[in-house]
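Taking it in order: structure first as structure tokens, then the write-up.
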2 protein chains.
Amino acid sequence: MASIKDVASLAGVHRSTVSRIINGEGKFRSDTKRKVERAMAELNYRPSAIARSLATASSNMTGLLVTYYTGGFFGEMMEQVQAELDQHDKFLITAQGHRRADGEREAIRRFHDLRCEGYILNSRYLSDDELRELAQEPTPFVLLDRVVEGLESRCITFDHSLAAKMAVDYLVEQGHSDIACISGPRNRASCNQRYQGYVQALKNAGLALDPRLTVEGNYGRESGYLAAQKLYHTAPEMTALFSCSEEMMQGALQFFHEHHVEIPRQLSLISFDSIDLCATMYPFVSSVHFPISDMAQVAVGLLMSQINQQDACIQRHFEPELRIRNSVNRREFVSG
Amino acid sequence: MASIKDVASLAGVHRSTVSRIINGEGKFRSDTKRKVERAMAELNYRPSAIARSLATASSNMTGLLVTYYTGGFFGEMMEQVQAELDQHDKFLITAQGHRRADGEREAIRRFHDLRCEGYILNSRYLSDDELRELAQEPTPFVLLDRVVEGLESRCITFDHSLAAKMAVDYLVEQGHSDIACISGPRNRASCNQRYQGYVQALKNAGLALDPRLTVEGNYGRESGYLAAQKLYHTAPEMTALFSCSEEMMQGALQFFHEHHVEIPRQLSLISFDSIDLCATMYPFVSSVHFPISDMAQVAVGLLMSQINQQDACIQRHFEPELRIRNSVNRREFVSG
DNA sequence: GTGAAAGCGCTAACAG
DNA sequence: CTGTTAGCGCTTTCAC
């Protein structure tokens, strides 16, 4: 592989001249420039990003931590992040956390080993304390969809609880009172927040919280199916169902179809959604939208401004949006 | 950020000793080792992968070219590739081709700039010639789901045509004769192969190829919906439909549901599938499975063996698999 | 067993 | 405008 030296000697100039021409610094006689350019072309020369990193003490790399790649959600995130990063001419390094604090730690270690200039972390298993500790290190990072006290300026946030509440409020407005919920694993903060939004909405509406009406899944499709099955048998009075994830709604819908439950005539449905899976279901399912891709985009902007030590005024908080489709029926008040 | 020098001076030894200890080369007095290890811990030292790359002339990075990140298909690929790479302690660099030869070229350029040791290319827009040229360069690469004459040993292949044929054969076996097809953009090789498989199956069965019965989509959900709509109106006699992609089948199914076409009573469905989307539809849709994730896994193995210049005996060709679910009805022979 | 010295491919003052 | 020199953080001979 040709190095800058080869180019220099072929062009009959010094390495530093070649370097300057590559980086467009200063002025040169047009013929030196031509000679160098020709030499580069002839040798098919491309500067080594690695050597450059070492010399400039800046890797031009950004680390992105996700939980895993499959499922669409993270793809959406990566798509945005990469697109933004491309604009800034940065390399994207991704790593998976594998649903374990350990995995996330290891991922960050890899970023660090590569001397990434900054990280975008969709961390779900590292503790607040550990994150605050990480903030002591010199490498800037941004937390995507997480709030950690003391790290506010690095957090891109979304109010999961409010979002869930909006969804359930809508069901209430439509006259429903026997509203079931398929929650996620409640030991994960954002999952629990979604569940709490459900609880809150019921409370505000003066409805009792019936434990039979909520079943916990794991965000996967299969668990949604199972949850629907359980609800179908143990809570036949439910007239509406709220799912904390789109995949679980997919599974639930599958179950209801198989058992010929007519949607929305017999059962109204609403779901959390981030990659518009709800718009691919039959029937289209109403949802509260979690704008992960907008958030990812902003995350890059925020990180860049931190790297450049400038105080960009960036909107860090995102609002839920209700997307009404045709899976919810108005329920008339039934006396007695 | 602490460097090897800092560690050395804190431990009171020379840099090279630290280096040896890090890499476990040679023997050392146990107390030097202890001193060094303590110094590393104290300084929270991690060797710079970049400096290491430069010194050893091996970046430990592998480039993966995909078309884009969204949609599940590429996530599946990345998941496997990253998992395998982790095992080999390599960094994964990804880049998108953006459905353009230019984009793919640019992606490979980035890999090259980073001096990746090898590439895994799911290239769809670079010409065979260009790929053969690339093969002249010293960096090894593997072609994922592509066959290029002269580059056989680098190709992980799948017979799209055979797969499509198997799907349509199955429909024929079940007694269907008015079989429609939603194809992909036929200017893309693998898409056209799938279409040709459909053509071949009809031919073998002695069925005429009716142009009204095939409509071209773009692999996206929306285009499947539109295709179904078109077929519904212009070819009401169809009793079975084969889709060249799972997303298009999703869209088509949506249309049929909306128009109360009963599946499979009135219409039988079969689709290409790679990430089991067909198993999330209602009803479950039968499919031919394109084992992209197995192929991705093998790609890493093949690449590694090329990087290490060893001749691993690796299975490079993959077979389609029919996955019968409940979307196809047997059609009894109707005389007259 | 460990230190000295050179070098990986590049950039960045500093001269001239 | 261009060459010289030193150095980024590490590895790798080669001595001792």
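Just so we're on the same page: letters track the sequence lines, and every chain starts at 1.
Listed by chain and residue number, nothing satisfies the ring pair (Phe, Tyr, Trp, His ring centres under 6.0 Å) test with F91(B) (two or more places apart in sequence, or in another chain). When the side-chain hydrogen bond (donor to acceptor under 3.5 Å, both in side chains) test is applied to E106(A), the partners found at least two apart in sequence or on another chain are R109(A). Residues satisfying the side-chain hydrogen bond (donor to acceptor under 3.5 Å, both in side chains) test with E79(B), not counting sequence neighbours, are Q96(A). Qualifying ring pair (Phe, Tyr, Trp, His ring centres under 6.0 Å) partners for Y119(A), counting only residues two or more places apart in sequence or in other chains: F111(A). For L302(B), the side-chain contact (heavy atoms from CB on, under 4.5 Å) criterion is met by V142(B), I156(B), S305(B), Q306(B), I314(B), R316(B), not counting sequence neighbours. By the side-chain hydrogen bond (donor to acceptor under 3.5 Å, both in side chains) test, R146(A) is found to be paired with D128(A), residues two or more places apart in sequence or in another chain being considered. Legend: residues meeting side-chain hydrogen bond (donor to acceptor under 3.5 Å, both in side chains) with R52(B), ordered by chain and number and at least two apart, are N23(B).
Not one side-chain nitrogen or oxygen of T32(A) sits closer than 4.0 Å to the OP1 or OP2 atom of dC1(D).
When the C1' atoms of four end pairs are superposed on the next four at each end of the helix from dG1(C)-dC16(D) to dG16(C)-dC1(D), using five pairs per end, the two resulting axes differ in direction by 40°, to 10°.
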Using a cut-off of under 3.5 Å, enumerate the N/O to N/O pairs linking the protein to nucleotides 7-9 of chain D.
{"residue": "dC8(D)", "atom": "O2", "partner": "L54(A)", "partner atom": "O", "Å": "3.4"}
{"residue": "dC8(D)", "atom": "O2", "partner": "A55(A)", "partner atom": "N", "Å": "3.3"}
{"residue": "dG9(D)", "atom": "N2", "partner": "A51(B)", "partner atom": "O", "Å": "3.4"}

Polar-atom pairs under 3.5 Å, protein N or O versus N or O of nucleotides 13-16 of chain D: list them with distances, or write none.
{"residue": "dT13(D)", "atom": "O4", "partner": "R20(B)", "partner atom": "NH2", "Å": "3.4"}

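For DNA chain C, the span of nucleotides reached by chain B at under 4.0 Å from its heavy atoms goes, 5' to 3', from dG1(C) to dG9(C).
Under the 4.0 Å criterion applied to side-chain N and carboxylate O atoms, D129(A) and R132(A) are assigned as salt-bridge partners.
Within the structure, salt bridge (charged side-chain N to carboxylate O under 4.0 Å, His left out) pairs that include any residue of residues 2-15 of chain B do not occur (at least two apart or interchain).
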